4 protein chains.
Amino acid sequence: MATKEEKRIEILKAAARIFSANGFEKAKVEDIAKVAGIGKGTVYEYFDSKKSLFKQMISFGLDQYRLSIKEIIEENLHIRARLVELAKYSAKYFNQHIDMIQMATQCNLLSNEMKQWLIEERLAVFELIEQMIDEGIKKGELRQNLNVELASFVIIGSIGEHFTKRVFFDGLNIEEIDFGEMVDVILDGLV
Amino acid sequence: MATKEEKRIEILKAAARIFSANGFEKAKVEDIAKVAGIGKGTVYEYFDSKKSLFKQMISFGLDQYRLSIKEIIEENLHIRARLVELAKYSAKYFNQHIDMIQMATQCNLLSNEMKQWLIEERLAVFELIEQMIDEGIKKGELRQNLNVELASFVIIGSIGEHFTKRVFFDGLNIEEIDFGEMVDVILDGLV
Amino acid sequence: MATKEEKRIEILKAAARIFSANGFEKAKVEDIAKVAGIGKGTVYEYFDSKKSLFKQMISFGLDQYRLSIKEIIEENLHIRARLVELAKYSAKYFNQHIDMIQMATQCNLLSNEMKQWLIEERLAVFELIEQMIDEGIKKGELRQNLNVELASFVIIGSIGEHFTKRVFFDGLNIEEIDFGEMVDVILDGLV
Amino acid sequence: MATKEEKRIEILKAAARIFSANGFEKAKVEDIAKVAGIGKGTVYEYFDSKKSLFKQMISFGLDQYRLSIKEIIEENLHIRARLVELAKYSAKYFNQHIDMIQMATQCNLLSNEMKQWLIEERLAVFELIEQMIDEGIKKGELRQNLNVELASFVIIGSIGEHFTKRVFFDGLNIEEIDFGEMVDVILDGLV
DNA sequence: CATGAATGAGGGTTCATTCAT
DNA sequence: AATGAATGAACCCTCATTCAT
């Protein structure tokens, strides 16, 4: 049998699936329980409320994302390869956790304390990207006078927009997406 | 006295405010009515349902956005100035209509028919941006071998991300944001 | 232009149609107005409320029915022919005014005063039938020891049941119904 | 404690009471719940909707009625005694379930599928009566040339009309009603 | 007189949460 | 600890009625 912590994770994963598919409001606790293979009441043994479950799911998901991003960044690759890997993983991740994309907006449904925390979580991602850029500059892979923060916006925004268009608008599967060319445009600019 | 159409617009504006502030599910029709200064039942004289009101609000909002964007693009400016204007207006617009940002994600809460329509609406915005890029290439302001579609992702994504960070994370007012430098990074690339 | 009274009748007829088709609760005042070719508010110039309109429509309908029944009964026919005529007319009438059939039950939705009135209206119909039976006995067309009241139940009940079965269950048109044989069974009994 | 099925029956009985007293539209689910001694939401644990509850109540009621009628018919009594028993039980039953009387008319408020089903249910009652008549003919209690179907209309219609008049118009209690004489008129005819 | 836009009370239904088993 | 039956607050929507034009 599963330990208490394992079952908690199980519920978090189920929550991620249901919240992703339906959004916070339309997601039913009962469905999450069903996916987790437990009774509805049991969810409340592990989490105080639906909202609390949502928060912890986001937290859990972002931790996973940050850790993976960190690994990618820490691999000793050229900046271009790193960005491609980042885009690839992000796409895979976004695809499984649309709620992660929603969170930035849905957060206004949550408490201020939560909102603050969410901002911080997201900042942590930005920081990782900025680290990567910094390193790229130091290694001479990126230009010296680059504004690191602005560059991080271009990277994150472009990757997100690209993913959204390819998956939701063009109906592609993630494997079918060509990230290389996208990264080239980011790196080379439009001029 | 307000004409029928004026009152319809009034309700749409109220809807934009309430939906923006609360998201689709948490927004109460009664509150929208209250903001519009009318009775709850009156909303249903103008719109078939809450969902229909939401759709038309999005539609109304996107139309406004598209028209303004079109104007900006049609002004005979250098591509850099155009992008700055685009970013400025978008920021102002996003600030008033966070729901527009949510829409991309909230759409998965709505019917498939609605999803399809929303995609098409958004594609229209992409097309305008692509037109602008095309023109920039022809005028020699942008490089000849630029992939227009990918460039549009970089532009839209970067502008959005920049706005989100500055307003929600850094707590700046729109007037305080420097769009020029941002646009430079987009145009010049990171390398 | 129509006189006030003519328009009142027009509304009553429209009400009969809509109430018949939908029952009291599902009938919308607006639809009645539409059928009557007037505005919704105008209905309230002629009737105090939906309920009042319903009452007066029933009243109007029953008056018509009673008058027609009276005529049939006053024709100098043999009892058998009279009953066939009664059944024919009732069928035609019921067909147009299902609500008349409903009234006996729907009346419990109305005020007690209305209920009382309705009972009296219906009693008047019973009385006419009883008159006819009386006459039949005097003319020797019916047996001397017949309980007039019970006989009226058999007549009214059988005709109603026959109609219901033929129209609603068997799907026949009224013209296709053979009332003669039915009347024979009523007159001759089962033994 | 009540089993799930027992509670379902409890709700059905409560529904019968409330629907009978108020008709379908005016009956409030909350009142049904109150009578059943449960919360409003609980009703929806057992039935999908108010309409579904109504259908199942009718179904439940008709089943009970049919079963009892069947028993009466299967007792080895003379046709006269059988009819008296039938009238007695029907009166008792109608008294408790006015909705059963309403159903024939209320059905036009419901879906076509429901209407069809209701017709079939009622046909089953007709069939039982016809069986009884058939048997009566075979046993020589009823005349050989009797039209079985028409006879069933006379029986059902007369009994219903008699009941309605005695209870609603004359204000009698069921025990006070004399069914014997009524049956005699049905059997002997009016001539 | 006639209208129909505006209203808001009312009720069906959903679902997060509780709690007895 | 685990369950799921029970609950009732909350909210969308309908439509009889009103009243300004």
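Reminder, nothing fancy here: chain letters follow the sequence lines and each chain counts from 1. Predicted, not measured: the structure shown is a model, and the values here were computed from it.
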Checklist entry - Just wondering, do C:Arg8 and C:Ile11 contact through their side chains at under 4.5 Å, heavy atoms? => result no

Checklist outcome for this item: The dot-bracket string of DNA chain F, counting Watson-Crick and G-U wobble pairs with both distances under 3.5 Å, using [ ] for crossing pairs and | for pairs to another strand, is .||||||||||||||||||||

Item to check | Backbone of D:Phe94 reached by a side-chain donor or acceptor of D:Tyr65 within 3.5 Å | outcome: no

Next on the checklist: Within the 4.0 Å heavy-atom criterion, would you say B:Tyr46 contacts the bases, only the backbone, or no part of the nucleic acid?
Outcome noted: sugar-phosphate

Checklist outcome for this item: Judged by nearest nucleotide, the residue sitting upstream toward the 5' end of DNA chain F, B:Lys28 or D:Ile38, is D:Ile38

Next on the checklist: Using whole Å, what does the distance between atom P of nucleotide E:dA6 and atom NZ of B:Lys34 come to?
Outcome noted: 19 Å

Item to check | B:Tyr93 side chain to B:Gln64 backbone, donor-acceptor under 3.5 Å | outcome: no

Checklist entry - For B:Ala27, which contact category applies under a 4.0 Å heavy-atom criterion: base, sugar-phosphate, or nothing? => result sugar-phosphate

Checklist entry - Are D:Phe19 and D:Leu53 close enough, and set up right, to give a side chain to side chain contact (heavy atoms under 4.5 Å, CB included), and what steps lead you there? => result CA-CA 10 Å; D:Phe19 280 133; D:Leu53 171 56; 4.2 Å; yes

Item to check | Whole angstrom value for the distance that separates P of E:dA5 from CD of B:Glu5 | outcome: 14 Å

Checklist entry - Rounded to whole angstrom units, what separation is found between the CD1 atom of C:Ile11 and the C1' atom of E:dC1? => result 12 Å

Checklist entry - Could you state the CG-P distance from B:Asn22 to F:dC11, rounded to the nearest angstrom? => result 10 Å

Next on the checklist: Distance check needed: E:dA5 C1' versus B:Glu6 CD, whole Å only.
Outcome noted: 15 Å

Checklist entry - Below 4.0 angstrom from OP1 or OP2 of E:dC1, is there any side-chain N or O of C:Lys7? => result no

Item to check | Contact under 4.0 Å: A:Thr42 side-chain N or O vs F:dT3 OP1/OP2 | outcome: yes

Item to check | Side-chain donor/acceptor of C:Ser20 to backbone N/O of C:Ala16, under 3.5 Å | outcome: yes

Would you tabulate the pairs of protein nitrogen or oxygen atoms and nucleotide nitrogen or oxygen atoms of nucleotides 17-19 of chain F closer than 3.5 angstrom?
{"from": "F:dT17", "atom 1": "OP2", "to": "C:Tyr44", "atom 2": "OH", "distance (Å)": "2.9"}
{"from": "F:dT17", "atom 1": "OP2", "to": "C:Lys50", "atom 2": "N", "distance (Å)": "2.9"}
{"from": "F:dT17", "atom 1": "O4", "to": "C:Lys40", "atom 2": "NZ", "distance (Å)": "3.1"}

Using atom types as modelled, flag every donor-acceptor pair under 3.5 Å from a side chain in residues 27-49 of chain A to any protein atom, sequence neighbours excluded.
{"from": "A:Thr42", "atom 1": "OG1", "to": "A:Gly39", "atom 2": "O", "distance (Å)": "3.4"}
{"from": "A:Ser49", "atom 1": "OG", "to": "A:Lys51", "atom 2": "N", "distance (Å)": "3.4"}
{"from": "A:Ser49", "atom 1": "OG", "to": "A:Ser52", "atom 2": "N", "distance (Å)": "3.1"}

Checklist entry - Okay, side chain of C:Glu6, backbone of C:Thr3: is any donor-acceptor separation there less than 3.5 Å? => result yes

Checklist entry - Under 4.0 Å between a side-chain N/O of D:Lys26 and OP1 or OP2 of E:dG10, yes or no? => result no

Checklist entry - NA contact type, B:Ala33, heavy-atom cut-off 4.0 Å: base, sugar-phosphate, or nothing? => result nothing

Checklist outcome for this item: By side chain to side chain contact (heavy atoms under 4.5 Å, CB included), B:Glu10 pairs with (sequence neighbours left out) none

Next on the checklist: Without decimals, in angstroms, what is the distance between A:Asp31 CG and E:dT14 C1'?
Outcome noted: 12 Å

Next on the checklist: Taking the cut-offs as 6.0 angstrom to the six-membered ring centre and 45 degrees off its axis, would you call C:Lys50 and C:Phe24 a cation-pi pair?
Outcome noted: yes

